[in-house]
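The structure appears below as structure tokens.
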Amino acid sequence: MITKAKNLQDAEELLHSGISKVELAYNIGSDDFFHLATHWCDRGAKISKGQRHFIVSQKGFAIPPND
């Protein structure tokens, strides 16, 4: 299932919450795109071009325990 983000903050929150596929359903600027790519691709995520928007996919994302 793909969850749609309406802005950069929304995308960051969804990815941090453990959602495995996030569609960037807005016109993302180059600075925001490279920030997102640098941060998440370093952590193993992949960015692909969907039908209309980019999709950020992450596999094996472990959610840390609440200690």
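Owing to the predicted nature of the structure, the values given are computational and were not obtained by experimental measurement. In what follows, every heavy atom counts, from backbone to side chain, and hydrogens, waters and symmetry copies are set aside.
Within the 3.5 Å criterion, the main-chain N or O of Arg52 finds a donor-acceptor partner in the side chain of Lys49. In this structure, Tyr26 contributes its side chain and Leu8 its backbone to a donor-acceptor pair below 3.5 Å. Formation of a donor-acceptor pair under 3.5 Å by the Asp32 side chain with backbone atoms of Ile28 is not found in this model. At least one donor-acceptor pair under 3.5 Å links the side chain of Gln58 to the backbone N or O of Ile19.
Expressed to the nearest 0.5 Å, how far CE of Met1 lies from OG1 of Thr3 amounts to 5.0 Å. With values rounded to the nearest 0.5 angstrom, Lys21 atom NZ is found 4.5 Å from Ser57 atom OG. Atoms CD and NE2, from Glu23 and His53 in turn, are 6.0 Å apart once rounded to the nearest 0.5 Å.
Scanning both residues, Asp10 and Ala5, for their nearest heavy atoms gives OD2-CA, 3.4 Å. For the pair Ala45 and Val56, the tightest heavy-atom approach, listed with the atom from each and the gap, is CB-CG1, 4.1 Å.
The shortest distance between side-chain heavy atoms of Glu12 and His39 falls below 4.5 Å.
Surrounding CG of Asp42 are more than 12 heavy atoms belonging to other residues, nucleotides or ligands, all under 6.0 Å away.
Between Trp40 and His35, the ring centre distance reaches or exceeds 6.0 Å.
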The test is side-chain contact (heavy atoms from CB on, under 4.5 Å); show your working for Ile55 and Ile47 and say whether it passes.
CA-CA 6 Å; Ile55 298 172; Ile47 299 176; over 6 Å; no
Stepwise side-chain contact (heavy atoms from CB on, under 4.5 Å) test for Leu24 and Leu36
CA-CA 11 Å; Leu24 306 177; Leu36 192 77; 3.6 Å; yes
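Under the 30°/60° scheme for interplanar angles, the aromatic rings of Phe33 and Phe54 are found to be tilted.
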